[in-house]
Protein chains: 2
Amino acid sequence: MSVTIHDVAHQARVSASTVSRAFTTPEMVRTSTRERVLRVADEVGYTPNRAARGLITGKTANIGLIVPDLGNPLFPAILKGAQARALLADHAVFLADTDENPDLEVNLIKAMVKQVDGIVLCSSRMSESQLRGVLNLTDLTFLNRKVSGVPVVLIDSADGMRQAVEHLAALGHKKAAYLSGPPTSWSNRERRKGLRAAARTTGVECVELGPFAPKFEAGLQAADLVLATDVTAVLAFNDLIALGVLNRLADRGVAVPDEMSVIGFDDIAFAAMCTPPLTTVFTPKESAGRAAVELLLDWLDKKSLGHTGGTQRTLGTQLIVRSSTAPPPPVSAGSVGRA
Amino acid sequence: MSVTIHDVAHQARVSASTVSRAFTTPEMVRTSTRERVLRVADEVGYTPNRAARGLITGKTANIGLIVPDLGNPLFPAILKGAQARALLADHAVFLADTDENPDLEVNLIKAMVKQVDGIVLCSSRMSESQLRGVLNLTDLTFLNRKVSGVPVVLIDSADGMRQAVEHLAALGHKKAAYLSGPPTSWSNRERRKGLRAAARTTGVECVELGPFAPKFEAGLQAADLVLATDVTAVLAFNDLIALGVLNRLADRGVAVPDEMSVIGFDDIAFAAMCTPPLTTVFTPKESAGRAAVELLLDWLDKKSLGHTGGTQRTLGTQLIVRSSTAPPPPVSAGSVGRA
DNA sequence: CAAGTTTCTGCAAAGGATTGCAGTGTGCTG
DNA sequence: CAGCACACTGCAATCCTTTGCAGAAACTTG
């Protein structure tokens with residue numbers, strides 16, 4: 001079928017061992033021999049079979065990456081960073097999409113385990129007990145979920161939320177709504193935490209609506225709930241929801257930002273492309289993907305010398321002010337145009 | 001390290017062969033034995049090592065998927081479909097992003113070859129000669145690129161373009177611009193073909209601008225070029241470019257659709273979310289991903305009995321009329337508001 | 001030139017699973 | 001009760017590489 005190490009060995013009149021060494025420990029084989037071997041290998045198009053190699057070395061040079069939903073642009077961005085970083089280290093990546101389903105997540109992990117050196121879990125939706133069940137199956141690294149004893153990369157959502165609330169406060173808003181995301185999401189918990197803290201210090205009153213699925217359609221639904229309250233600003237769990245809100249508000253004839261301010265989260269590419277361009281909190285998506293892979297790889301390297309305990313890397317966020325936020329309307333006009 | 005077939009064999013007081021058979025050919029092992037083996041396997045958490053299995057069976061139960069750019073929402077959508085279909089067949093997927101770079105594409109293919117049963121190439125940007133070089137490395141299936149002798153799934157872009165041009169003609173447009181995509185893209189060639197044919201039959205004059213990278217930023221750039229012509233409508237290679245055009249036109253104070261009609265291609269999720277909602281040609285992205293995997297898997301199945309020649313599946317498209325298209329402005333107003 | 005190093009190279013085992021072939025045990029038949 | 005067939009199960013080879021160990025070759029040195 002395909003060309004093996006023995007084919008090369010035979011052609012080059014050496015043993016398989018020598019061919020192997022010519023690739024993995026070149027300094028162990030005489031220059032002239034090595035050159036001949038490599039030339040033959042190149043001629044016949046030989047590349048080592050990684051599965052076979054992995055069998056003996058215990059390293060597959062593959063990593064897994066699991067995301068909740070590729071339909072959310074956040075994840076392709078993370079994935080892109082992760083893939084690029086893995087490529088640098090000459091690793092390939094297995095991808096799986098759980099469709100926001102924790103049980104599927106567990107199964108996908110189990111299926112992957114044997115073919116990878118470790119797995120990056122993005123915004124894992126697993127319960128604590130499910131998590132414990134998979135934790136010792138392989139080396140795991142978490143993105144946007146806090147787990148002790150293993151590498152995690154976190155995006156400082158709480159601080160991003162602080163920036164957003166302070167922005168609203170500075171504009172003069174007194175009352176805002178938070179559209180909550182998935183209850184099992186660490187990011188959502190952090191964002192709420194940041195929200196509550198900032199609400200206290202700034203004096204902005206915050207009501208919480210939801211939870212909502214992190215999707216555009218949920219935003220459409222949320223918008224009407226928002227209009228049923230007397231808030232002048234909305235903070236969405238993510239941009240997708242914010243975009244939905246924007247759309248529904250336009251349909252309902254509510255002007256953004258004049259009658260209602262809207263803030264998203266993540267700064268997906270489309271936040272800048274919609275009308276009005278969305279004020280949102282930038283999160284370093286590709287960097288996060290890169291960082292997660294890097295941490296995982298470092299962790300695996302250090303594994304031989306006993307572990308020093310889980311590493312943690314926290315990435316900053318930055319409010320991007322665009323055109324979906326403005327001072328609140330004068331109080332008398334606050335209820336104009338609503339049902 | 002991890003639990004092997006021998007651990008199970010030992011625990012269950014049988015040989016490794018029996019454990020193997022309990023999984024792969026259950027009817028060959030006595031019911032009572034099989035149950036005991038499976039129970040033990042479950043208890044110790046054994047799952048067969050696919051790499052080892054692949055070594056002997058010659059099948060890895062993995063497939064590769066290569067895309068030009070995860071930043072284009074088209075590809076995550078395809079990917080999602082592909083991944084879901086692969087999962088159904090109990091296959092895992094390797095993902096790679098080529099960043100629109102053909103040389104990298106070749107290298108990524110070579111790196112993957114040994115770990116997969118076949119690869120799906122999405123909108124491959126490789127040259128003909130590069131393509132010939134990789135064609136016999138493994139089983140390849142192409143998405144949106146015509147290659148003879150192997151399975152391909154095509155999206156009928158030409159017909160989508162026909163629908164778009166006829167739509168413009170029906171609205172009364174006389175002259176339109178096509179913003180061309182990557183020259184190496186099969187889709188772009190098809191779209192141009194469809195455009196030219198429809199231009200002839202409808203009498204709409206079509207000028208071609210570009211080529212442009214299939215990105216938002218290129219659309220910003222293209223918009224000004226469009227305004228320098230006297231067209232009343234723009235057909236973009238894809239939605240990303242169209243969205244850029246929309247944005248730049250808004251900045252330039254050109255009203256869409258009143259002063260200029262804009263049509264995109266692909267119907268990515270955000271086409272419906274922007275303002276005005278974009279008239280665009282829907283392409284079945286997830287279905288295409290599913291179909292590509294399906295064709296590949298079928299192809300692999302049939303491989304044992306000699307091949308019957310490449311299969312080809314063509315998927316239809318559908319113009320989605322939203323709010324970015326309208327009849328052209330009256331002639332006198334045609335140049336109002338332009339530089 | 002003999003002896004001792006050093007440098008290369010090959011043999012063979014290992015890694016986890018599958019599978020053809022042969023052996024064990026059971027049940028049936030005559 | 002002997003003899004046979006049949007249903008299970010185990011042995012051992014195999015897939016492709018890597019790697020410890022030992023032998024061969026080349027080179028130094030006295």
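The model shown is predicted, which means the values in this text are computed figures rather than measured ones. Just so we're on the same page: letters track the sequence lines, and every chain starts at 1. These values consider heavy atoms only, across backbone and side chains, with no hydrogens, waters or symmetry-generated copies.
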State whether a side-chain donor-acceptor pair under 3.5 Å links B:Thr47 with A:Lys110. no
Rounded to whole Å, CZ of B:Arg36 lies from P of D:dC8 at a distance of 14 Å
Identify whether any heavy atom of B:Thr24 sits under 4.0 Å from a base atom; if not, whether one sits that close to sugar-phosphate; answer base, sugar-phosphate or nothing. sugar-phosphate
In whole angstrom, give the distance that lies between atom CZ of B:Arg21 and atom C1' of D:dG10. 8 Å
Under 4.0 Å between any heavy atoms, over every strand shown, what does A:Thr4 touch: base, sugar-phosphate, or nothing? Just pick one. sugar-phosphate
Write down the distance between NZ (A:Lys59) and C1' (C:dG16), rounded to a whole number of angstrom. 17 Å
Can you tell me which nucleotide in D:dT18, D:dG10, C:dG16 comes closest to the side chain of A:Ile56? D:dT18
Is B:Val19 touching bases, backbone alone, or none of the nucleic acid, heavy atoms closer than 4.0 Å? nothing
Measure from CD on A:Gln115 to P on C:dG16 and round the result to the nearest Å. 15 Å
Just wondering, are more than 12 heavy atoms of other shown residues or ligands nearer than 6.0 Å to NZ in A:Lys59? yes
Can you work out whether B:Tyr46 or A:Ala16 has the more 5'-proximal nearest nucleotide on DNA chain C? A:Ala16
Residue A:Val29, side-chain heavy atoms: nucleotide from C:dG16, C:dG10, C:dT9 that is nearest: C:dT9
Closest non-hydrogen contact found for A:Val37 with A:Val8 is O-CG1, 4.1 Å
Establish whether the base of D:dC11 is bridged to the side chain of B:Ser17 by a donor-acceptor pair shorter than 3.5 Å. yes
Looking at every heavy atom in both A:Ala292 and A:Thr141, which two are closest together, and how far apart are they? O-CG2, 3.7 Å
By the 4.0 Å heavy-atom rule, please label A:Thr57 as base, sugar-phosphate, or nothing. sugar-phosphate
Protein-nucleotide distance (A:Met28, atom CE; D:dC21, atom C1'), rounded to Å: 11 Å
Does a nitrogen or oxygen in the side chain of A:Arg30 sit under 4.0 Å from OP1 or OP2 of C:dC8? no
I want to check one thing: is the phosphate of C:dG10, taken as OP1 and OP2, less than 4.0 Å away from some side-chain N or O of A:Thr18? yes
Identify whether any heavy atom of A:Thr33 sits under 4.0 Å from a base atom; if not, whether one sits that close to sugar-phosphate; answer base, sugar-phosphate or nothing. sugar-phosphate
B:His6 NE2 to C:dT18 P, straight-line distance once rounded to whole Å: 11 Å
A:Glu27 CD to C:dT7 C1', straight-line distance once rounded to whole Å: 12 Å
Let me know the distance between CG of B:Leu55 and P of C:dT18, rounded to the nearest Å. 11 Å
Closest nucleotide among C:dA17, C:dG10, D:dC16 to the B:Asn49 side chain: C:dA17
Any side-chain donor-acceptor pair under 3.5 Å between B:Asp103 and B:Gln130? yes
